[in-house]
2 protein chains.
Amino acid sequence: MKRYQQYCGLAKALDVVGGRWTLLIVRDLLLGPRRYGEIRGSLPGLTTNLLAARLKEMEEAEILHKITLHGMQLYALTARGRELEPAILALGGWGWKRMHGGPEEDDRLDLRWGILSMKRRYSGIESGHVCLVAGERRFDLRFSPDLLDFQERQSIDASAQIQGTLEQVRAWLFMGATFEPLEVQGDLSAVARFRSGFGLP
Amino acid sequence: MKRYQQYCGLAKALDVVGGRWTLLIVRDLLLGPRRYGEIRGSLPGLTTNLLAARLKEMEEAEILHKITLHGMQLYALTARGRELEPAILALGGWGWKRMHGGPEEDDRLDLRWGILSMKRRYSGIESGHVCLVAGERRFDLRFSPDLLDFQERQSIDASAQIQGTLEQVRAWLFMGATFEPLEVQGDLSAVARFRSGFGLP
DNA sequence: CAGGATCCGCCGCGATACTG
DNA sequence: CAGTATCGCGGCGGATCCTG
């Protein structure tokens, strides 16, 4: 890839993550390590040759690294890769403002993208650990003043569970629908802290 | 340009500002409106055909607009364009961490890029209005808790002036050199507020 | 079947020349 | 000074093939 050759932070960043799909791959990995095929599956339009090339580039740039877990090969962000989160949230926040009319035709939806946008809305004064169940998909959400960690995986030791159909959770995350149709189990005060931490009514 | 077709803020943002050179043009305009030739001059490697195409795209996306001032045509950011600043600073901050060894061979330097990185370091508890003179170039720096505005232009009504050679200011901005070699005139307390607002020793 | 590699075609982009 | 026109290359999209 052609470099900008400028002694400037933005230019150096774009030298590494300015290529097509690169930041979207980082966004995907922000919700936990994933397999090659999972990344491909959640990024339709990204072809296998380019994904392989990008993963190699990003590994050389020390943004991610390959790990082996339970016999599976997984791609996981390094500390340096996770440090891209503020930039990704800032860019994402700017982009959300351009999405007034709802999804365009042929726009794809993924709950992971809505989950990520919650990180931006997090005010950070409460803490807790809840599980969000949307249809078959499960997200583990830990929030505290100094740490915010969302992952797509089965929760262990979550103090509460928020459950709804795929459509209900999707409407809440993307469309600003009310929280109320969702079913809540477990520690209700944890759910209340969750709602207050995210500015929910 | 090919769109990602994802109902996600990051993807929508990259649809608009993900193309090569686009964010660097925004970065340049963050220090004030500029003429076509000025943008070209400060972005070596960007060819004139691509610059014209990018400016047209960005005008359609309402990131910038053409204005006429003193008979000159200028390109200026819109409010929406200026809202990209947090994302640019976040990406820039990430990139600065990859610049440990000083400039690489063939890296170009521009004071404007260092000025911009100061926005990131600004803590925002003081206010003032100073003029920075580096050789022939003059920057107008206004800082207050709720507003931070740096522009490359002649200052009017600045309460103090900080002056040095191009090399001295460059060393201070880029290399973390000490502030001391620079010559200061005018209201010394404004300079002190300036230094404290930027965490200078 | 997961995890790639290989080949082809197009268009975004770089370099240069040209115009009002 | 502010762009437009033309050409060529390489990054990227699409499809197929390979390998454990």
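Just so it is clear, the model here is predicted, and its values are computed rather than measured. Lettering of chains follows the sequences in order, A, B, ..., and the numbering in each one begins at 1.
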Report the residues that fulfil side-chain contact (heavy atoms from CB on, under 4.5 Å) with Gln168(A), sequence neighbours left out, ordered by chain and then residue number.
Thr165(A), Pro181(A), Leu182(A)
In whole angstroms, the gap separating C1' of dC1(D) from CE of Met72(B) amounts to 12 Å
Intermediate values then yes/no, side chain to side chain donor-acceptor pair (under 3.5 Å), Gln163(A) and Arg138(A)
CA-CA 9 Å; Gln163(A) 183 164 5; Arg138(A) 293 166 178 277; over 6 Å; no
The contact string for nucleotides 8-20 of chain D, one letter per nucleotide 5' to 3', using protein heavy atoms under 4.0 Å with B, S and - for base, sugar-phosphate only and none, comes out as ----SBBBB----
Cation-pi check, Arg108(B) to Tyr4(A): give yes when NZ or CZ is under 6.0 Å from the six-membered ring centre and within 45° of the ring axis, no otherwise.
no
DNA chain C: first to last nucleotide in contact with chain B (atom under 4.0 angstrom from a heavy atom), 5' to 3', is dC13(C) to dA17(C)
When all nucleic acid strands are considered with a 4.0 Å heavy-atom cut-off, which category describes Arg35(A): base, sugar-phosphate, or nothing?
sugar-phosphate
Pair Arg35(A) + Glu38(A), salt bridge at N-O below 4.0 Å:
no
Between Glu167(B) and Arg170(B), is there a salt bridge with N-O shorter than 4.0 Å?
yes
Does dT4(D) have OP1 or OP2 sitting under 4.0 Å from an N or O in the side chain of Tyr36(B)?
no
Classify the ring geometry of Tyr122(A) against Phe143(A): parallel below 30°, tilted from 30° to 60°, perpendicular beyond 60°.
perpendicular
Do the side chains of Lys66(B) and Glu59(B) get close enough for a salt bridge, i.e. N-O under 4.0 angstrom?
no
Regarding Lys97(B) and Glu83(A), does a basic nitrogen lie under 4.0 Å from an acidic carboxylate oxygen?
yes
